[in-house]
**Q** 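What follows is a single structure, and I will ask about it in a moment.
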Amino acid sequence: MTLAVNTQTILSRPRGRSFRRDLMGVAVIAVFAAAGYILFPDNLALLTRILSVALLVLALDLVTGYCGVATLGHAALFGSGAYAAGILSAHYGINDPLLMTLGGIVAGAVAGLLCAVIMLRAHGLPQLVLSIALIYLFHELANKTSSWTGGSDGLSGIMPDPVFGLYEFDLFGHTAYFFGVALLLIAFVLLRLVVRSPFGMLCRGIKEDPLRIRALGASPNAALAKMYVISGAVAGTGGALSAISTQVVALDALSFTQSAEALVMLVLGGTGSLFGALAGTLIFMLFEDYVSAANPFHWLTMVGALLIAVVLFAPKGIYGTAAAYFTRPGKANR
Amino acid sequence: MQTVFSIAIDALAYGMVLFVISIGLSVTMGLMRVVNLAHGAFAMIGGYIASYVARDLGLGYALAVIAAVVITIFIAIPIERLLYRRIYGQPELTQVLMTIGITFCIIGIANYAMGPTLKTIPLAAPLRGSVDLGFRTISIHRLFAIICGLAVALGLWFAIEKTSFGVKLRASVDNAAMAAALGVRTEIVYAISFAVAVGLAAFGGVVGAELLPVEPYYALRYMVTFLVVVSVGGAGSIPGALIACLLLGAIDTTGRYLMPEFGEFFFYLAVIAIICVFPRGLAGRIK
């Protein structure tokens, strides 16, 4: 029922309007990026980190928000991208940032395919446990193959060349920041196209009612696997960005905590919406930077309380609740 | 041969501790269909209370165990009534988020209240020392853990198979709506089994403190292990959980003995293999 209603409302929306919404989204991201650049010129490293994590959260949104697969292991895709980009540079001397990013995208997509093949075999709790086991497996693998990944010391020796041979990665992170903003904008526009395409609608349908989709003649698992690969490419981009901008890859990139935090950010912002994913990342990371500098353990308590509060009072997340409030003032509580 | 026996004994002790902690999780998950990631946090609370009672207050080990179980249940009751009640029947993602939130909160508070250091629980005099089994010596404490595990398994089997409460519990696990229609007070069954589950978690946390040391990140570190046990064994099945604990305990211990440098790698590999082959768990029933 909900599926039918959703499809109708979205299909009946004029094509021009959704295009205008895309433009608006791009403009909003650009404005925020510019504001960040002007307001925090000394803290571009943090802003670049937010950009790379935002790509991870967008990727997670594709799988969790649009397809309904709950996963606590999505950092596996992010970390694969980061390590691929790092290894290309540190071991093979491929220092072109665009090629490194491409390496990250490919590695992320391959990791996504691998995770999809394993995770889609189960549903519910076993699926969740599989995702956790996968992220630990990736983590252990990266930890043990230390001749390639640097193990727990982290992978260092990444030295990206200037972008297009013109813009050098400077100490203050100006180039890395603009590079990240460009990657995020491209990913955002492409993802808007993906989630609005018939394929995106199919994935939403699978989330609502897989049985019905199967009855309609589509294969849920094939569609989910495809979405996982796309998600892996996006997460891999984020990983590559983090490797290029920080010039080091730590084991944290493949950790359970990173996965869980990404999920928290997504839910905080609102699942099933690209803007929600971006808003959640921004709010969470800024908040984290501010509070965890004071005391990391209070930070954990606050994240916990925040999560409980979101689940109880704003199940649609901050963006979802705000959007519902502004579009239908009369039915804000629905 | 000696190595095999050594591994077997250690695996048995580890598996039994895992069993005591995670059997409650398995029953509540089978019963209430709640993905409870905070279960390890209750085991941790039990460990902290026991440590406080036995080490800081200087009271005995037996008293520490009892205090840990009782106080943890009293802490858990309001959490169940205020928070868990709201997520029964909700989508998994909601349950995961809520229970992760609870876990984070408990970790933060535990660290604030008890400090980040590792807490030990001084053992009672008869449990210290070791016995000679002929092929190796084993600390009495491990033997005690194995006996506790067996006792819990036997007690639960008796309670579930032979008592009238067990009948109601099984009926609610199979079909809660039907059981309620037949006059079973399912809320009471839920509340009692939740309390028993938390109590067992606390008990396991205390008994297993030598194997799974109590510190603030306990809840997060072993959360995965407990979930894995339930998922591999099949939610709601006692024999399944027992088999899963022994199997995973054996895999983990063997890995640590023979290939210590690969740590948990084989453990997770085995978990993935088992779940891929048995998506509903070793003893899982078809929904």
Side-chain angles (χ1 to χ4, degrees), chain A residues 64-65 68-73 115 117-141 143-146 207 256-257 260-261 263-264 266-268 271 295-313 315 317, chain B residues 29 33 35 37-38 82-83 86-87 90-112 116 216-217 220-221 223-224 227-232 234-235 261-281 284 287:
Chain A
T64 302
V69 178
T71 164
L72 276 169
C115 287
V117 167
I118 293 172
M119 281 190 51
L120 295 178
R121 292 184 64 89
H123 294 282
L125 171 68
Q127 193 174 46
L128 196 69
V129 171
L130 274 180
S131 75
I132 300 175
L134 272 173
I135 183 71
Y136 275 96
L137 200 63
F138 272 78
H139 186 271
E140 283 297 310
L141 199 63
N143 192 9
K144 293 310 164 198
T145 51
S146 50
K207 180 189 174 190
F256 172 77
T257 325
E261 279 192 355
L263 192 62
V264 173
L266 175 60
V267 173
L268 181 68
T271 55
N295 184 329
F297 275 95
H298 287 170
W299 163 240
L300 210 56
T301 316
M302 282 173 73
V303 173
L306 192 71
L307 260 180
I308 296 173
V310 167
V311 170
L312 290 183
F313 305 115
Chain B
M29 248 183 209
R33 313 249 182 269
V35 181
L37 301 186
L82 291 176
L83 300 177
R86 315 229 180 174
I87 54 170
Q90 298 259 339
E92 266 148 40
L93 185 63
T94 316
Q95 301 177 344
V96 166
L97 293 168
M98 170 69 97
T99 49
I100 278 200
I102 295 173
T103 311
F104 281 175
C105 275
I106 292 178
I107 293 176
I109 294 168
N111 184 69
Y112 180 71
Y217 275 109
L220 212 54
R221 181 160 304 157
M223 172 180 90
V224 181
L227 270 184
V228 162
V229 167
V230 174
S231 158
V232 166
E261 70 274 21
F262 272 92
E264 313 248 277
F265 185 76
F266 286 99
F267 179 76
Y268 291 110
L269 204 61
V271 167
I272 291 175
I274 294 173
I275 297 181
C276 279
V277 178
F278 303 97
R280 288 196 175 81
K287 277 182 201 167

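Naming convention: chains lettered A, B, ... in sequence-line order (proteins, then strands); numbering from 1 in each chain. As the structure is a computational prediction, the values presented were derived from the model and not from experiment.
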**Q** Check whether any side-chain heavy atom of B:Val35 lies under 4.5 Å from a side-chain heavy atom of B:Thr99, and answer yes or no.
**A**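 They are not in contact (no side-chain heavy atoms under 4.5 Å apart), so the answer is no.
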
**Q** Among B:Leu97, B:Val271, B:Ile102, which residue forms the greatest number of heavy-atom pairs with chain A at distances under 4.5 Å?
**A**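 The answer is B:Leu97.
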
**Q** B:Val96 versus chain A, heavy atoms under 4.5 Å apart: side chain, backbone, both or neither?
**A** side chain

**Q** Contact between B:Phe265 and A:Leu137 at the side-chain level, heavy atoms closer than 4.5 Å - yes or no?
**A** yes

**Q** Which atoms of B:Leu82 come close to chain A, meaning under 4.5 Å heavy atom to heavy atom: side chain ones, backbone ones, both, or neither?
**A**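 Neither part; nothing is under 4.5 Å.
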
**Q** Is any side-chain heavy atom of A:Leu263 less than 4.5 Å from a side-chain heavy atom of B:Leu93?
**A** yes

**Q** Which bit of A:Leu312 is near chain B, if near means a heavy-atom gap under 4.5 Å: side chain, backbone, both or neither?
**A**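 Looking at A:Leu312, just its side chain touches chain B.
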
**Q** Kindly say whether A:Val267 contributes a backbone atom to a donor-acceptor pair with the side chain of A:Thr271 at under 3.5 angstrom?
**A**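 Absent.
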
**Q** Under 4.5 Å heavy-atom distance to chain B, tell me which part of A:Thr64 shows up: side chain, backbone, both or neither.
**A** side chain

**Q** Heavy atoms, side chains only, cut-off 4.5 Å: are A:Leu307 and B:Met98 in contact?
**A**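 No, side chains not in contact.
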
**Q** Counting only non-hydrogen atoms closer than 4.5 Å, does B:Leu83 touch chain A with its backbone (N, CA, C, O), its side chain (CB onward), both, or neither?
**A** side chain

**Q** Looking at A:Gly304, A:Ala305, A:Gly68, which makes the most heavy-atom pairs under 4.5 Å with chain B?
**A**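 The answer is A:Gly304.
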
**Q** For A:Leu128, is it the side chain, the backbone, both or neither that has a heavy atom under 4.5 Å from a heavy atom of chain B?
**A** side chain

**Q** Once rounded to the nearest 0.5 Å, what's the spacing between atom CG of A:Leu72 and atom OH of A:Tyr136?
**A**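 If I round to the nearest 0.5 Å, the distance is 10.0 Å.
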
